[in-house]
Structures are given as C-alpha cells and as structure tokens.
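In what follows, chains carry the letters A, B, and so on, assigned in the order in which the sequence lines appear, proteins first and then strands, with residues in each chain numbered from 1.
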Amino acid sequence: MNVEKTLTFPVKIGEDVVRLRQVVRAEAIAIGLSLVDQTKVITAASEIARNTIDYGKGGDVTIEVVNTSGRRGVKVVFADNGPGIVDMEKALTDGYTTGGGLGLGLSGAKRLVNEFDVKSTVGHGTVVTLIRWKA
Amino acid sequence: MEQIPILRIGDCLLVSIQVDMHDRMAINLQDSLTTRIVETNARGVLIDISALEIVGSFIGRMLNNIASMSRVLDAVTVVVGMRPAVAITLVELGLELPGVKTALNVDRGLLLIRRQIDDGAEHA
C-alpha cells in the first residue's frame with residue numbers, strides 16, 4: 001500500500017473532532033468517493049474519534065490517502081495511550097458500553113468502512129485503523 | 001460562545017441546525033430547548049437537520065434525549081430534513097431513533113405536530 005499524503009494532529013477535545021470531520025471530508029471528496037461513501041467514512045471516523053477522547057483520554061489521528069493496485073482510499077488511524085480495551089469481543093458488540101454512550105462506536109464504525117482493525121494493549125493504549133476504498 | 005437559535009412559531013419551537021456541532025453545543029441546545037419549552041408552553045418542537053452532513057451516535061443520542069425530555073414536558077418532537085446519505089449511514093451504524101418522529105420537510109413536520117397535538121386533545 002502506497003501513501004500519497006499524510007496528516008497527523010491531536011484529538012483531545014470536541015473541536016478536534018469537528019476538524020477531523022472536515023479533513024476526512026476533503027480527502028474523501030478529493031479521491032472521488034460517492035456522497036454516501038463520504039458520509040460513511042466521515043461518520044465512522046467521528047465515532048472512533050469520540051472513543052479516543054472518551055475512553056482513550058485523547059490521542060492522535062493520522063489521515064492518509066493511500067493506493068494499492070490502482071485503487072485509492074482514505075485511511076484514518078487513531079492512536080491513544082489510554083487504558084486499552086479489556087474485552088475486545090464485547091467492545092465490538094452492538095450496544096456494549098462501559099461509558100454512557102449507545103455502544104455503537106466500534107461495531108457501528110466497522111460496518112461503515114471496508115477495512116477495520118483494532119489493536120489494544122491493556123494499560124498501554126489502543127490503535128484503531130479504518131479504510132474506505134473508492135468503489 | 002456559538003448558540004443554535006430557537007425560534008418560536010405559534011405554539012411550536014423551531015430549531016434549524018446549520019453548523020457542525022461539537023459536543024458542548026449539542027448539550028447546550030438540549031438544555032436551552034427544555035427551558036424554552038417550559039417558558040413558552042410550546043406543544044411542539046421541530047428540529048431541522050437538513051444542513052447536517054453527518055449524524056453520528058452523539059447527535060443521535062441528543063435527538064433521542066430532546067424527544068424524551070419534550071415528551072415529559074407534553075411537547076411533540078419531529079426531526080425533519082434528514083439527507084438520504086445520512087439516513088443510509090444511520091441505519092448501517094445501527095442507530096435507531098426510538099421516540100423520535102421524522103418528516104421529510106418543515107411543512108410536513110408542522111402538520112405532523114399539529115395532528116399529534118389534536119390526537120392528544122381528543123384522548124384527553
């Protein structure tokens with residue numbers, strides 16, 4: 001996978017999530033994602049950003065334009081140094097939450113993108129990666 | 001501090017969300033809307049989300065909360081103007097909006113509120 005473009009900034013407060021949505025939207029439009037696919041990847045990124053803030057105590061997000069065998073995509077990587085996810089299976093289940101949310105963040109975001117990966121080490125933090133490819 | 005304006009039309013309150021809200025704005029809107037329902041004796045709340053390019057679980061929860069709070073205060077909430085791409089995304093995200101009534105546009109939303117108020121009056 002080749003990286004055409006990359007941008008990293010912190011996600012610590014609500015305003016950062018607004019900025020993230022703007023950046024992801026701009027890149028999604030730039031690679032020609034359909035309106036529905038733009039909406040899906042922005043929503044997924046927004047959900048995960050909220051997790052990074054609420055559960056990971058803030059972290060960094062990297063937005064990349066990537067390509068592989070002729071197709072392009074938007075890749076978003078969230079990394080925090082928070083407490084990590086103790087029960088990954090539960091965390092990926094609809095309706096499961098340890099906070100006050102609806103428990104749709106991880107499981108819902110996963111459905112909105114083409115590739116989704118969570119790596120977490122208890123006590124060290126969590127890295128969530130998502131990619132939406134141009135169809 | 002940016003605020004979402006709440007307009008009064010007869011016995012209804014109209015909120016048109018025109019900006020990408022961060023969390024504090026959404027919470028402020030929830031609070032000021034409940035206050036205004038009581039102040040104005042509003043029977044209906046119309047929330048226009050036609051300018052929103054995405055609705056995630058946070059805004060979804062806010063809409064659910066507003067609907068529940070206004071119901072307790074004897075007002076009907078109708079959300080109008082959801083974009084098709086937003087509707088598709090909401091369903092895949094798995095976000096249900098139980099208790100939130102929706103209409104395609106402001107006109108239909110006001111009609112729906114009127115009908116709900118009239119139905120309520122008949123059963124009273």
- Between atom CG of A:Leu20 and atom CZ of A:Arg50, what is the distance when rounded to the nearest 0.5 Å? 10.5 Å

- For A:Ala109, is it the side chain, the backbone, both or neither that has a heavy atom under 4.5 Å from a heavy atom of chain B? backbone

- Task: Please check if any side-chain donor atom of A:Arg21 sits under 3.5 Å from a side-chain acceptor atom of A:Ser46, or the reverse.
- Result: yes

- What part of A:Glu15 is in contact with chain B, defined as an atom under 4.5 angstrom from a non-hydrogen atom: side chain, backbone, both or neither? both

- Item | A:Phe9 vs A:Ile63 side-chain heavy atoms within contact, under 4.5 Å | yes

- Message: For A:Val17, which atoms come within 4.5 Å of any heavy atom of chain B: side chain, backbone, both, or neither?
- Response: neither

- Top residue by heavy-atom pair count (under 4.5 Å) with chain B, among A:Lys110, A:Gln38, A:Arg25? A:Arg25

- Is it the case that A:Glu4 and A:Asn67 place a side-chain donor and acceptor less than 3.5 Å from each other? yes

